[in-house]
Asks: 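Take a look at this one; I'll ask things after.
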Amino acid sequence: AEMFGDHMVVNGKIWPKADVEPRRYRMHLLNGCDSRFLVTRFRVVPLGEGDLSAAGTPVPFWVIGSDQGLAASATQTDTLVIEPGGRYDVVFDFSAVPVGSRVIMENLGGDAPFGGDYGASLAPEDLFPDRQTDRIMAFDVVVPLDPSVPDLFDPSAIGAYGGNPNPVAATRRVALFEGKDEFGRLQPLLGTAEPVVDAVGDEVAGAIAWASPTTENPGLGDTEIWEIYNATGDAHPVHLHLVNFEVLDRREFTADLVEQPVLQHNGAEGVGFRLENVVVSGAVPQAPEYVENAPKDMVTALPEQVTRIKATFDKPGRYVWHCHILSHEDHEMMRVLQVGD
């Protein structure tokens, strides 16, 4: 159901390094892992060092944008969660570390499905023996500063995004489930958190496989709030195609999981669930390692939480929404999203 490699690959190389000047650099980061959530930090080590045993404390950096553009404001942090498929624009100041040193981009995320824990809170079984995936790449601060190139960055100038101001036409309650296919294999599934009428007029609820009729059908130009109920034990990076959305908040919920059949593409039946007796509580405080104040098309849906997003569907046609864990979207946590008639 997931795949975790044993080394980090960046731009086609395992553990590359870049030689940099002692100045600020803007980096566009994409987590292209199959299943791994990255929890990134930057730490200083002696030049030429390949591990973190002599590393210093985490060096703060700025997050200035995400999947679809610049943020509402620049956020300084020393730890950033990057979900599979997620993109983040960051600014790191290499003049803040000693010239002639190395900065390693560290990963605190585990070698197992992500539930929100990382670093010292991980269990031993969440880490590979002789772990190599705690290091992503390195930056050697060895290039002389070129004074002809301005070293400009004003955090107060970042403020392009003001959220989604449009009036809400509907609230849609969708859900994430774990079921089994007709062979008894684990099958991550999308579905609904409430009864809805699908594209052929049938009332359905709960887990739904890819080939079944569409249940998400916003009107062209409509703005909707999607409440994403995660009824699984792991986090999932949820991706909506051809829109950007504002991440509103997350709320805890409880519900009864009621088993029901799930129709497979070949007419066979698997096992799924639906939610009953749903109770939603107040908003969960935002953890500082989640920086989501930018227009996004990816969001981390944490287990036992409702993740609320707001999107305007301004492009007609058939798209998809899915979990961006590649092994999950293939079997088969993906559904058709139809905008318009």
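All heavy atoms count here, side chains included; hydrogens, waters and symmetry mates do not.
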Asks: Using only atom types and a distance under 3.5 Å, with no angle test, would you say the side chain of Asn217 pairs donor to acceptor with the backbone of Gly340?
Replies: yes

Asks: Are the side chains of Ser101 and Val45 in touch, meaning some heavy atoms are under 4.5 Å apart?
Replies: no

Asks: If you draw the axis of the six-membered ring of Phe92, does the NZ or CZ of Arg23 fall within 45° of it and under 6.0 Å from the ring centre?
Replies: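 Verdict for Phe92: no cation-pi partner in Arg23.
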
Asks: To the nearest 0.5 Å, tell me how far Trp15 CH2 sits from Ile104 CD1.
Replies: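 One gets 9.0 Å once the value is rounded to the nearest 0.5 Å.
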
Asks: Do Leu176 and Leu190 touch side chain to side chain, with heavy atoms closer than 4.5 Å?
Replies: yes

Asks: Counting C-beta onward and ignoring hydrogens, is there a side-chain heavy-atom pair between Lys310 and Glu224 closer than 4.5 Å?
Replies: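 No - every pair of side-chain heavy atoms lies 4.5 Å or more apart.
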
Asks: Salt-bridge test for Arg41 and Glu289: reply yes if a basic N is under 4.0 Å from a carboxylate O, no otherwise.
Replies: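 Here Arg41 does not pair with Glu289 in a salt bridge, since their nearest N and O are not under 4.0 Å apart.
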
Asks: Is it the case that over 12 heavy atoms from other parts of the model lie below 6.0 angstrom from the CG atom of Asn266?
Replies: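 Check passes, neighbour count above 12.
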
Asks: Find the distance between CG (Leu240) and CG (Asp297) and round it off to the nearest 0.5 Å.
Replies: 8.5 Å

Asks: According to the interplanar angle, ranging from 0 to 90°, do the rings of Phe94 and Tyr25 count as parallel (below 30°), tilted (30 to 60°) or perpendicular (above 60°)?
Replies: perpendicular

Asks: I'd like to know if Arg308 pairs up with Glu246 as an ion pair, taking the criterion as any Lys NZ or Arg NE/NH1/NH2 lying under 4.0 Å from an Asp or Glu carboxylate oxygen.
Replies: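 No.
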
Asks: Can you name the one residue among Arg172, Arg251, Arg250, Arg173 that meets salt bridge (charged side-chain N to carboxylate O under 4.0 Å, His left out) with Glu227?
Replies: Arg173

Asks: Take Lys296 and Tyr161 through the side-chain hydrogen bond (donor to acceptor under 3.5 Å, both in side chains) test and state the conclusion after the steps.
Replies: CA-CA 11 Å; Lys296 290 186 61 65; Tyr161 184 61; over 6 Å; no

Asks: Under 3.5 Å, is there a donor on one side chain and an acceptor on the other for Gln264 and Glu332?
Replies: no

Asks: Roughly how far, to the nearest 0.5 Å, is CD of Glu304 from OG of Ser281?
Replies: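 CD of Glu304 is found 10.5 Å from OG of Ser281.
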
Asks: Judged by modelled atom types alone, do Arg335 and Thr215 share a side-chain donor-acceptor pair under 3.5 Å?
Replies: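 Yes, a side-chain donor-acceptor pair sits under 3.5 Å.
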
Asks: Going by atom types only, do Asn164 and Thr312 share a side-chain donor-acceptor pair under 3.5 Å?
Replies: yes

Asks: Looking at side-chain heavy atoms only, is the closest gap between Asp151 and Val149 below 4.5 Å?
Replies: no

Asks: Could Asp51 and Arg135 be called an ion pair, given the rule that one side-chain N must be under 4.0 Å from one carboxylate O?
Replies: no

Asks: Should Phe42 and Glu106 count as side-chain neighbours, where that means a heavy-atom distance under 4.5 Å?
Replies: no

Asks: Is the closest side-chain donor-acceptor distance between His241 and His322 under 3.5 Å?
Replies: yes

Asks: Do Thr307 and Leu302 have side-chain heavy atoms sitting under 4.5 Å apart?
Replies: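 Thr307 does not reach Leu302 side chain to side chain.
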
Asks: Is there a side-chain contact between His331 and Gln187 in this structure, where contact means two heavy atoms from C-beta onward sitting under 4.5 Å apart?
Replies: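 In short, these two side chains touch, coming nearer than 4.5 Å.
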
Asks: May I have the step-by-step check of side chain to side chain contact (heavy atoms under 4.5 Å, CB included) for Trp62 and Thr75, ending in yes or no?
Replies: CA-CA 5 Å; Trp62 293 95; Thr75 301; 5.7 Å; no

Asks: Using a strict 4.0 Å threshold on nitrogen-to-oxygen distance, state whether Asp19 and Lys17 make a salt bridge.
Replies: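 Between Lys17 and Asp19 there is a salt bridge, with a charged N closer than 4.0 Å to a carboxylate O.
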
Asks: Verify side chain to side chain contact (heavy atoms under 4.5 Å, CB included) between His324 and Val238, making sure each step is shown before the conclusion.
Replies: CA-CA 6 Å; His324 217 291; Val238 175; over 6 Å; no

